[in-house]
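Remarks on the structure that follows.
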Amino acid sequence: MTQQPAPHSQDQLHFDQIIEEDSRIEPRDWMPDGYRRTLTRQISQHAHSEIIGMQPEANWISRAPSLKRKAILMAKVQDEAGHGLYLYSAAETLGTSRDELVEQLLSGQAKYSSIFNYPARTWADIGAIGWLVDGAAICNQVPLCRCSYGPYARAMVRICKEESFHQRQGWEILYELSHGTPEQKQMAQEAINRFYGPALQMFGPPDGDSPHSQQSMAWNIKRFSNDELRQRFVDMIVPQAEALGLHFEDPDLKWNEERGHYDFGELDWAEFRSVIQGNGPCNSQRMQRRRQAHEDGAWVREAAAAYAQKCADAVQVDSRPGALNTSMEERTPAHV
Ligand code: BYC
């Protein structure tokens, strides 16, 4: 990443004014190094999460219970790859190349969301991932559509639209199971028992243990704190679970009339820390698979680089005075 010279006070004033007006910072604008670093970290971790997040669901493509379910799941997994690509592109506008960002993931230096270190054991888990994991993602990401950094905010608009679709498909899988045989309903219940805690942890540590929240909120990167969004999510999913005929196995989960919100139990933060330190049930499997996929894709990157070089060389040749027309004719197929 390029180090910036000390800011002219005019630059800082301009930046502060944009934030104050709740307007957008664009890549060409001056920005404090800390702002650039925070965004590069958050956006790249988000991109890595989308890419690693393909794995638990992709494992079920060949076992989806019908052709229709298989087609839907393939489309969803493909959407996640697309989200990763928009996000790497947004992160690159801050001055770090995609190669470097990917290297940070592969070397274990960069984080990705804790949730993807849990296995998808049954088909109902695919429903729970869609409903709860994509649901939490939407809750967290809708406010990011108003993030102060333009390229991230714009990427989030499209991502959120697609995530809504994903959540809906998860809900529908669970609805069918919970209205099926007693065994199917049991499978749905067990899936949400497994994913409830980890989904709530996606919002990050409690506010008191979140080192980045305060500054990120002052810069209008984050619009709400981790705990505020977690609460919003709980308030949303409790009635949805009731509509599914399922429940959350949290003895402290109850409506608090005074607060106008659901109270819920303390999450297992020791487990959360252990998972993000690399000791979750699937961390090593996820990273091993990603490294293998990266190696397997080396030939594609080499071919793309060779093709880009060929195009660049052709442009150089064509730019000789008087050479453009001839070479354009040569390269234009006769039928065009
Ligand atoms: N997992 O100060 P804090 C998706 C890290 S959805 C792992 O609160 P911040 C998808 C945090 O990075 C999932 N690490 O940080 C859905 C920081 O680490 P370092 C991805 C976590 O950034 C369906 C440290 O803990 N979504 O992709 O202010 C299918 C302190 O935390 C987690 C996003 O990335 C976690 N759960 O707030 C497929 C959304 N939580 O680097 C894919 C964008 C915290 O300082 N990101 N950490 O050591 C955000 O909104 C914010 O980055 C967070 C954390 C709310 C996640």
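Indexing begins at 1, ligand by ligand and atom by atom, following the structure's order. Bear in mind that the values here come from a model prediction, so they are computed numbers and not experimental data.
- Between Gln17 and Glu21, the side chains place a donor N or O and an acceptor N or O closer than 3.5 Å (distance only, hydrogens not considered).
- The atoms of ligand 1 that sit less than 4.0 Å from any heavy atom of Gln141 are 6 (S), 26 (N).
- The nearest heavy-atom contact from the protein to atom 48 (O) of ligand 1 is Lys111 NZ, 2.5 Å.
- The closest side-chain donor-acceptor pair between Gln231 and Arg259 falls under 3.5 angstrom.
- Annotation for ligand 1: atoms under 4.0 Å from non-hydrogen atoms of Gln45 are 12 (O), 41 (O).
- Ligand 1 has an N or O atom lying under 3.5 Å from an N or O atom of Asn140, backbone or side chain.
- For ligand 1, the polar-atom distance check finds no N/O of Glu163 at less than 3.5 Å from any of the ligand's N/O atoms.
- The distance from ligand 1 to the heavy atoms of Tyr112 drops below 4.0 Å at these ligand atoms: 1 (N), 7 (C).
- The pair Asp134-Lys76 meets the salt-bridge criterion, since a charged nitrogen lies less than 4.0 angstrom from a carboxylate oxygen.
- Counting only heavy atoms of the protein, atom 10 (C) of ligand 1 lies nearest to Phe116 CZ, 3.5 Å.
- Using a 4.0 Å cut-off between heavy atoms, Asn226 contacts ligand 1 through its side chain alone, with no backbone atom that close.
- Among all protein heavy atoms, the one lying closest to atom 32 (C) of ligand 1 is Phe272 CZ, 3.6 Å.
- Val142 and Leu200 are not part of a single hydrophobic cluster, where members link through side-chain heavy atoms under 4.5 Å apart.
- Scanning all protein heavy atoms for the shortest distance to atom 44 (C) of ligand 1 gives Pro205 CD, 3.6 Å.
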Original post:
Step by step, would you call Ile221 with Tyr35 a side chain to side chain contact (heavy atoms under 4.5 Å, CB included)?
Top reply: CA-CA 9 Å; Ile221 294 173; Tyr35 180 83; 3.9 Å; yes

Subject >> Pair Tyr86-His46, ring-ring contact (aromatic ring centres under 6.0 Å, His included): steps then yes or no >> reply: CA-CA 11 Å; Tyr86 314 151; His46 193 166; over 10 Å; no

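- When only interatomic distances are considered, the shortest N/O to N/O separation between Val133 and ligand 1 does not fall below 3.5 Å.
- Near Asp134, meaning under 4.0 Å from one of its heavy atoms, ligand 1 places the atoms 23 (C), 29 (C).
- The proximity of Glu50 to ligand 1, defined as any non-hydrogen pair under 4.0 Å, involves the side chain as well as the backbone.
- Applying the side chain to side chain contact (heavy atoms under 4.5 Å, CB included) rule to Ser225 yields the partners Asp207, Met217, Asp227, Glu228; only residues at least two apart in sequence or on another chain are considered.
- The nearest protein atom to atom 3 (P) of ligand 1, hydrogens excluded, is given as Ser210 OG, 3.3 Å; this is a heavy-atom distance.
- Interface of Lys222 with ligand 1, defined as ligand atoms under 4.0 Å from a residue heavy atom, comprises 8 (O), 9 (P), 28 (O), 37 (O).
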**OP:** Tell me, with the steps shown, if Arg154 and Glu26 meet salt bridge (Lys or Arg N to Asp or Glu O under 4.0 Å).
**Re:** CA-CA 11 Å; Arg154 289 189 288 274; Glu26 296 297 338; 2.8 Å; yes

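- Under the 4.0 Å criterion applied to side-chain N and carboxylate O atoms, Arg98 and Glu103 are not assigned as salt-bridge partners.
- Protein non-hydrogen atoms do reach within 4.0 Å of atom 13 (C) of ligand 1.
- In Glu80, the part holding a heavy atom less than 4.0 Å from any atom of ligand 1 is the side chain.
- Atom 15 (O) of ligand 1 has its closest protein heavy atom at His212 CD2, 3.5 Å.
- Residue contacts with ligand 1 for His46 involve both N, CA, C or O and side-chain atoms from C-beta outward (heavy atoms, distance under 4.0 Å).
- Pairing each heavy atom of Met202 with each of Ala136, the nearest pair is SD-CB, 3.8 Å.
- Checking Arg289 against His294 by side-chain atom types alone, no donor-acceptor pair falls below 3.5 Å.
- Each of the following atoms of ligand 1 lies closer than 4.0 Å to a heavy atom of Tyr152: 43 (C).
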Could you pull out every donor-acceptor pair under 3.5 Å between side chains of residues 270-285 and any protein atom, sequence neighbours left out?
residue	atom	partner	partner atom	Å
Glu271	OE2	Tyr118	OH	2.5
Asn283	OD1	Gly280	N	2.7
Asn283	ND2	Val275	O	2.9

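- A salt bridge does not link Asp33 with Arg37: none of the charged nitrogens is closer than 4.0 Å to a carboxylate oxygen.
- The residues Glu172 and Arg168 are annotated as not salt-bridged, no charged nitrogen and carboxylate oxygen being separated by less than 4.0 angstrom.
- With a heavy-atom cut-off of 4.0 Å, Val275 does not touch ligand 1 at all.
- Which parts of ligand 1 touch Phe203 is read off a 4.0 Å heavy-atom cut-off, strictly below it: atoms 55 (C).
- Listed by atom number, the atoms of ligand 1 under 4.0 Å from Gln201 heavy atoms are 36 (N).
- Of the protein's heavy atoms, none falls inside 4.0 Å of atom 24 (C) of ligand 1.
- In terms of polar-atom proximity, defined here as any N/O pair under 3.5 Å, Ser114 does make such a contact with ligand 1.
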